[in-house]
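Let me begin by presenting the structure, written as structure tokens, before commenting on it.
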Amino acid sequence: MIDIQLDEEQQQIAETVTSFAKQQIRVAAREADENNTVPASVIDQAWGLGLIQNAIPEAYGGYGADASAVTGTVIAEGLAEGDLAIAMHALSPKLVVDPVLHLGNDEQKQRILPTYTGEKFAAGSAAVSEPRWNFSVSTMTTTAKSDGGDYVLNGNKCLVALAKDAPFTIVYAKDDNGVVGAFIVEQGTAGYNVGEREANLGLRALATYEVALEDCKVPAANRIGTDAQPMLRRARVAQAAMAVGVAKASLDYAIVYAKDREVFGVKVAQKQAIAFMLADMAIDVDAARLLAWEAAWLIDEGEEHMREVALADQFAADAVMTITDNGIQVLGGHGFIRDHPSELWARNGRGFVTFEGLASV
Amino acid sequence: MIDIQLDEEQQQIAETVTSFAKQQIRVAAREADENNTVPASVIDQAWGLGLIQNAIPEAYGGYGADASAVTGTVIAEGLAEGDLAIAMHALSPKLVVDPVLHLGNDEQKQRILPTYTGEKFAAGSAAVSEPRWNFSVSTMTTTAKSDGGDYVLNGNKCLVALAKDAPFTIVYAKDDNGVVGAFIVEQGTAGYNVGEREANLGLRALATYEVALEDCKVPAANRIGTDAQPMLRRARVAQAAMAVGVAKASLDYAIVYAKDREVFGVKVAQKQAIAFMLADMAIDVDAARLLAWEAAWLIDEGEEHMREVALADQFAADAVMTITDNGIQVLGGHGFIRDHPSELWARNGRGFVTFEGLASV
Amino acid sequence: MNFKLSEAATQRRDIMRMAAEGLMRPIARQYDEEEHTDAWDFFNAMWEASKSNRDAASMTGEGNADKKEKSSGETKRKRRENTLMSAVQIEELAWGDAGLYLSIPNPGLGGAAVSAAGTPEQKARFLGSFHDGKPKWAAMAITEPHFGSDSKQVATTARRDGDEWVLNGTKIFCTSGHRALEKSEGFVVVWATLDKNKGRAAIKSFIVPAGTPGVIVTKCEDKLGIRASDTAQITFEDARVPADHILGSPEIVEKGTEGFRGVMATFDATRPIVAASGIGVARAALDFVKQALADEGVEIRYEAPQCEMTVLEHEIIWMESQLQASRLLTWRACNMMDRGDRNSREAAMSKAKAGKVCTLVTQKCVAIMGPLGFSRKLLLEKWMRDAKITDIYEGTQQINQMIIARDILGYSSSELN
Amino acid sequence: MNFKLSEAATQRRDIMRMAAEGLMRPIARQYDEEEHTDAWDFFNAMWEASKSNRDAASMTGEGNADKKEKSSGETKRKRRENTLMSAVQIEELAWGDAGLYLSIPNPGLGGAAVSAAGTPEQKARFLGSFHDGKPKWAAMAITEPHFGSDSKQVATTARRDGDEWVLNGTKIFCTSGHRALEKSEGFVVVWATLDKNKGRAAIKSFIVPAGTPGVIVTKCEDKLGIRASDTAQITFEDARVPADHILGSPEIVEKGTEGFRGVMATFDATRPIVAASGIGVARAALDFVKQALADEGVEIRYEAPQCEMTVLEHEIIWMESQLQASRLLTWRACNMMDRGDRNSREAAMSKAKAGKVCTLVTQKCVAIMGPLGFSRKLLLEKWMRDAKITDIYEGTQQINQMIIARDILGYSSSELN
């Protein structure tokens with residue numbers, strides 16, 4: 001029976017995450033952006049919430065709690081409401097944990113998951129995007145050639161988050177049959193060459209790199225499942241949820257500003273042009289969230305979800321663009337100034353349309 | 001030097017045409033739509049303005065005045081501001097006159113043009129569209145096969161305006177080389193089979209038909225020029241101008257209504273949501289007109305104009321959709337009622353996006 | 001969380017789809033072209049069907065369907081899904097034909113008012129008649145020529161004269177008003193003021209049965225779309241109804257606008273239903289286009305990269321995402337109502353979104369199909385005309401934006417208007 | 001009617017394009033990353049260039065370029081094209097770099113005010129200095145922390161004390177204010193009120209030269225875009241200027257808001273120029289994307305049928321049509337100004353349209369180029385950041401919609417606000 005609401009546990013997680021995001025993440029966001037660094041203390045605190053460990057079964061050292069995609073959207077939205085770069089850094093372990101957990105075999109789980117159940121935060125990474133204007137998963141050119149019991153990876157990746165720090169990076173590449181597969185690459189593997197740190201429009205605090213894969217050899221046992229599409233779809237839903245978080249942050253800030261600021265003798269928010277813009281923003285924040293929930297729920301139920309993920313992804317990417325742009329517009333000249341966070345959210349939000357979801361970061 | 005305004009003569013034509021449209025055409029529009037008939041008296045009056053005859057040189061019985069594409073847009077916009085169906089009926093001679101005048105040879109001019117300089121209105125017609133969802137000029141399937149000194153036309157056309165009345169119809173078809181050509185077909189030619197009158201969403205007053213061309217043989221001398229694209233582009237600009245006329249009608253009516261109607265103690269127009277909507281409509285009416293003027297001016301100057309025609313066409317087709325839809329919205333429930341003309345303009349305006357411009361009508 | 005229809009809802013949906021396909025689609029074009037005629041075969045069939053189905057009310061947009069269940073007291077709070085089920089069913093009926101769906105003989109909005117504010121005696125008498133006999137309609141008459149959404153402007157008067165109320169004034173945009181008053185033994189609930197100087201508190205509603213002298217249907221509107229539905233203009237000239245035909249108290253309690261608020265609150269139930277009907281129309285258009293494309297072998301590649309995707313694919317995906325967004329917003333609003341939660345904001349959101357989306361989707365579907373979209377041979381152009389009303393009635397786009405804005409800003413109607 | 005640039009305008013355009021390509025593009029990224037630094041090589045070069053070109057004013061957005069020609073009296077009314085030429089040139093400069101364009105040393109908006117309202121003596125003294133010496137800037141200080149567009153809210157005060165005016169208050173969003181006051185021998189024109197109780201009539205403007213004690217640039221804003229341009233916050237603490245530094249009369253004429261209106265009217269000149277600068281930025285992005293696509297062999301088929309067109313083609317055509325629409329609206333507004341016709345509505349239209357279009361076009365260009373669009377290796381992301389200001393300064397989108405709406409509705413500011 002249709003029941004469109006979080007259950008009590010999810011509701012509690014949402015509240016915990018959102019309050020952490022507002023109290024700990026958001027206050028650090030501007031400085032992080034200006035200094036191109038995510039503060040380690042915030043990441044440590046986030047780690048302390050156990051969001052990653054929760055999803056890992058006790059057998060591998062985790063807490064064995066809720067690993068559902070729906071709960072994943074709740075966490076992703078909540079943290080992103082604080083700051084997208086910090087949220088992505090904090091959630092980077094999921095780039096490795098999620099594929100291994102849901103599609104990996106027991107040996108892979110044994111080998112990988114305990115890294116992400118320790119006392120301290122450990123980064124994860126994924127290499128999806130390639131530095132071309134027309135990159136998409138279907139046009140991926142990175143290859144994974146079978147070579148005896150190994151795969152040899154070749155290609156150039158970009159927007160690989162935390163490529164220097166992560167003990168494991170999941171590299172997406174096309175195998176000899178043209179199927180996109182996911183390959184576990186350990187830090188230090190020969191041919192896994194991390195290039196210079198990238199400078200981007202948004203997500204400045206998040207360390208992303210170009211990675212050149214040059215005859216990078218990994219054992220066949222490092223391939224997770226066969227077709228990587230399900231993993232990428234799961235990641236895309238989480239990204240849609242992050243887009244919702246960014247959009248919501250921008251909307252809420254605009255509401256507070258518009259209720260505070262006067263123009264022509266009344267509050268800005270009392271002007272229909274602004275009030276109705278806020279109403280439209282609110283509608284699309286909610287709509288985007290519902291689409292993300294539905295797609296996540298279908299994943300959890302093991303139902304067909306390709307189409308719904310595409311719809312959620314597309315809607316959220318468009319919505320966050322429009323909403324964060326309006327978030328600036330409501331503030332007028334002040335929206336253009338970096339004293340206010342609106343422009344930061346607009347820059348970060350642009351990422352969702354500029355590359356294949358944000359599957360890579 | 002850039003000079004974006006009508007010259008005095010064009011200004012005068014604009015005023016004449018607009019006042020005729022408002023006083024004679026618009027009052028007849030609703031009844032014409034409900035009864036599926038354009039009243040002959042209005043067409044006769046329009047004929048009396050000499051708009052068609054003006055463009056025809058004295059040598060062929062015309063007045064030898066301004067035949068420029070720019071003036072064409074002024075006339076098209078002005079009449080369409082009255083009613084699109086009536087405007088298209090009144091201007092139907094141009095479907096024949098324009099191609100012959102600008103791209104025909106002297107023999108064709110001698111043969112055709114005097115028909116359109118008489119005391120009485122004579123209809124013209126053109127057969128472009130074909131009854132398929134994905135019709136476009138480039139996917140045209142009607143063929144004109146060379147057969148000795150003749151062309152044999154085969155194919156199905158739709159939205160052929162006044163196909164039963166027009167002494168001449170210009171049929172567009174692909175020749176043996178795949179070039180789209182324009183062929184003069186006289187009423188009564190064997191194989192030119194006019195089907196049933198069509199029933200459409202809009203333009204209900206305008207008599208349009210499906211036409212089946214079945215081994216319809218016309219002499220080679222009936223082909224106008226070689227490539228018909230320039231004729232179609234000229235027609236498209238006129239249609240963009242008609243879209244402007246329809247949009248302007250809807251805007252102006254909405255303005256008057258919104259200034260008259262009260263809501264919550266003030267005029268509807270005093271509400272920002274409505275006032276700003278009207279402002280946006282006004283911007284796009286003007287923008288669409290300027291784009292149409294520019295494209296027409298380039299045609300008149302003999303400059304390259306393919307791109308500008310496409311831009312003008314696209315912009316106008318989109319703009320008339322949005323504007324006439326908003327024209328209904330401003331009236332609220334009354335916009336949905338046929339006591340007001342807004343819904344008629346919305347229905348008529350839809351034509352511009354539903355088929356290859358309105359090149360065929 | 002659950003995004004799957006219950007078995008019961010699925011069954012109802014399937015039944016409605018059968019009715020939509022079997023009874024409505026075949027006559028949709030006819031009753032659009034033949035405006036102001038009555039589809040009696042259809043009306044009778046639906047009347048019969050609803051007679052054998054005591055939940056008729058729930059499929060016809062009253063939004064008060066849960067009342068019954070609540071009174072039964074048996075079902076757990078969590079298990080109610082009546083509003084949602086209404087939305088699901090009405091999407092199907094509107095998918096069949098929006099004008100015909102609105103014309104289904106039933107107590108409609110008039111009945112909803114009686115059900116919400118009537119005495120047990122009034123309910124028994126006026127709603128009871130809908131269980132038997134010939135097809136009947138009941139309608140709601142609020143709007144007047146000089147106002148639309150600003151319903152405190154009611155100028156129709158009700159004057160007490162002995163044991164009767166005497167009504168004078170003119171109402172417009174009364175859905176099914178003609179059928180309620182002149183084509184059946186139905187009734188119209190009329191808003192009238194006891195005292196124009198006393199504002200909202202003086203506005204009361206009155207049950208006016210068919211056959212009341214002085215009640216004249218002066219016009220049935222010619223409309224852009226939903227032509228099968230009658231939209232009546234009704235004039236009241238010293239129309240007299242018995243004193244007990246007033247809904248609620250006849251007293252004017254200053255500041256006491258609870259009655260008025262109650263009526264406003266019914267929008268929380270009806271708006272998601274209107275949204276659902278719009279979604280049904282838009283889905284009809286989209287389903288048609290997708291089928292036509294599939295027949296031509298055109299595949300929609302949902303995961304194609306932007307740089308390879310055709311405009312057509314992009315448009316389809318855009319329409320699907322917007323339509324699904326509207327549906328989820330609608331279901332959420334229904335869900336909340338079924339749970340007994342306040343849903344004014346969410347109801348307005350579903351309506352605002354659906355109003356815009358349905359208008360755009362049907363326009364785009366017409367455009368995609370080229371000459372075929374423009375032709376009255378297909379239903380596409382009709383769906384475009386039908387869809388537009390979604391953005392207008394039960395509060396225009398702008399009215400719903402206002403409600404949402406007030407709610408998110410915490411503003412009263414005097415702070416934002 | 002004529003849609004072709006004159007030879008003179010073409011020449012100027014080409015010269016500006018050379019400057020844009022040769023002088024601006026190579027340093028655009030640097031001065032974006034190194035916010036709050038000064039591009040002295042560029043400033044000096046432009047200063048030299050403008051010295052040898054007495055029409056410098058016309059290329060820097062003052063919009064009062066025609067003044068000169070009018071006074072010369074030689075050119076026929078019909079032949080003037082100065083405003084248009086400014087628009088054409090500024091589109092090129094902004095195509096080079098919007099932040100650097102705004103930083104070109106020149107009398108700017110401050111100079112425009114002196115030129116419009118100053119005495120011959122004031123003009124000679126303050127504008128004359130811009131013909132020689134080192135690079136100079138003049139700025140306009142209107143906005144204050146507590147207001148944006150509602151300029152009658154000016155709270156900065158001017159008090160007469162003997163032969164001097166004493167200014168107190170804080171101004172923000174003063175373009176080139178830092179360079180005018182601290183990086184050159186320039187000046188700032190400051191709006192201040194003689195009496196807060198007397199509204200607009202009491203608002204006057206004062207020329208405050210660099211070096212005036214009590215004038216402190218308290219902050220240079222960190223911005224989303226146009227980072228090469230300085231946006232100063234200036235505090236006036238008992239800042240004293242001679243009595244003859246007031247522009248216009250010191251008297252407060254009740255109801256006499258001509259001075260204020262005059263200032264408002266300068267928007268009619270500046271708005272199309274701002275529109276042109278936005279168009280320049282958007283065209284930079286679109287040119288880049290089109291070139292990149294052409295390099296990859298991707299052809300844009302303008303006449304492809306919708307059903308075959310790719311999203312990419314459609315986006316490009318949409319962007320081109322919107323951008324050309326903005327340009328034509330802008331040129332029309334300039335044309336009217338050059339003809340001496342009132343163009344308030346048309347100026348606001350050009351600004352409103354360009355503001356929206358430039359924002360969208362640059363966003364779309366970033367999106368089209370995928371990972372490359374997001375990277376700071378290219379200028380695309382920068383153009384997106386730079387473009388957004390077009391929809392904000394010289395009146396936000398909403399302010400311009402208001403002006404247009406008032407004009408088409410025939411409403412006063414009290415009827416529509």
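Throughout, a chain's letter reflects where its sequence line sits, starting with A, and its residues are numbered from 1.
For residues 290-297 of chain D, a heavy-atom distance under 4.5 Å to chain A picks out Leu293(D), Glu296(D), given by residue number. Within residues 331-344 of chain A, the residues having any heavy atom under 4.5 Å from a heavy atom of chain D are, by residue number, Gly332(A), Gly333(A), His334(A), Phe336(A), Ile337(A), Arg338(A), Asp339(A), Glu343(A).
Under a cut-off of 6.0 angstrom, the local environment of CD in Glu34(D) is crowded, with over 12 non-hydrogen atoms contributed by other residues, nucleotides or ligands. Crowding of Lys164(A) atom NZ: a count of heavy atoms from other residues, nucleotides or ligands under 6.0 Å exceeding 12.
Looking at Phe173(D), the atoms closer than 4.5 Å to chain A (heavy atoms on both sides) all sit in the side chain, from C-beta outward. Using a 4.5 Å cut-off between heavy atoms, Leu312(D) contacts chain A through its side chain alone, with no backbone atom that close. Heavy-atom distances place no part of Glu34(A) under 4.5 Å from chain D, backbone and side chain included. Heavy atoms closer than 4.5 Å to chain D are found nowhere in Gln270(A), neither backbone nor side chain. When heavy atoms are compared at a cutoff of 4.5 Å, Thr359(D) approaches chain A solely by way of its side chain, counted from C-beta outward. Within the 4.5 angstrom heavy-atom criterion, only side-chain atoms of Val298(D), from C-beta onward, approach chain A. Heavy atoms of Arg347(A) lying under 4.5 Å from chain D belong to its backbone as well as its side chain.
Looking at Lys271(A), its side chain does come within 3.5 Å of a backbone N or O of Asn417(D) through a donor-acceptor pair. Put simply, the side chain of Asp150(D) gets close to the backbone of Phe264(A): a donor and an acceptor are under 3.5 Å apart.
Applying the salt bridge (charged side-chain N to carboxylate O under 4.0 Å, His left out) test to residues at least two apart or on different chains, none of the pairs has a partner in residues 192-209 of chain A.
In terms of heavy-atom pairs under 4.5 angstrom with chain A, the leader among Met402(D), Lys219(D), Gln401(D) is Lys219(D). Chosen from Ile226(D), Thr143(D), Asp222(D), the residue pairing most often with chain A at heavy-atom distances under 4.5 Å is Asp222(D). Across Met384(D), Lys377(D), Gln153(D), Gln397(D), the residue that shares the most heavy-atom pairs under 4.5 angstrom with chain A is Met384(D). The greatest number of non-hydrogen atom pairs below 4.5 Å with chain A, out of Lys388(D), Arg385(D), Gln398(D), is found for Lys388(D).
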Could you walk me through whether Glu381(D) and Asn200(A) pass side-chain contact (heavy atoms from CB on, under 4.5 Å), step by step? CA-CA 8 Å; Glu381(D) 62 83 31; Asn200(A) 293 314; over 6 Å; no
Given side-chain contact (heavy atoms from CB on, under 4.5 Å), test Ile392(D) with Ile328(A) step by step and report yes or no. CA-CA 9 Å; Ile392(D) 295 176; Ile328(A) 290 177; 3.9 Å; yes
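Rounded to the nearest 0.5 Å, atoms CD (Gln363(D)) and CG (Asp325(A)) are 4.5 Å apart. Distance check, rounded to the nearest 0.5 Å: CG of Leu159(A) to CZ of Phe374(D) gives 7.5 Å. Here the CG-NZ distance, from Leu201(A) to Lys382(D), works out to 12.5 Å after rounding to the nearest 0.5 Å.
Take Arg233(A) and apply the side chain to side chain donor-acceptor pair (under 3.5 Å) test, not counting sequence neighbours, and it matches Glu303(C).
In this structure, Pro371(D) and Arg132(A) approach most closely via the heavy-atom pair CD-O, 3.2 Å.
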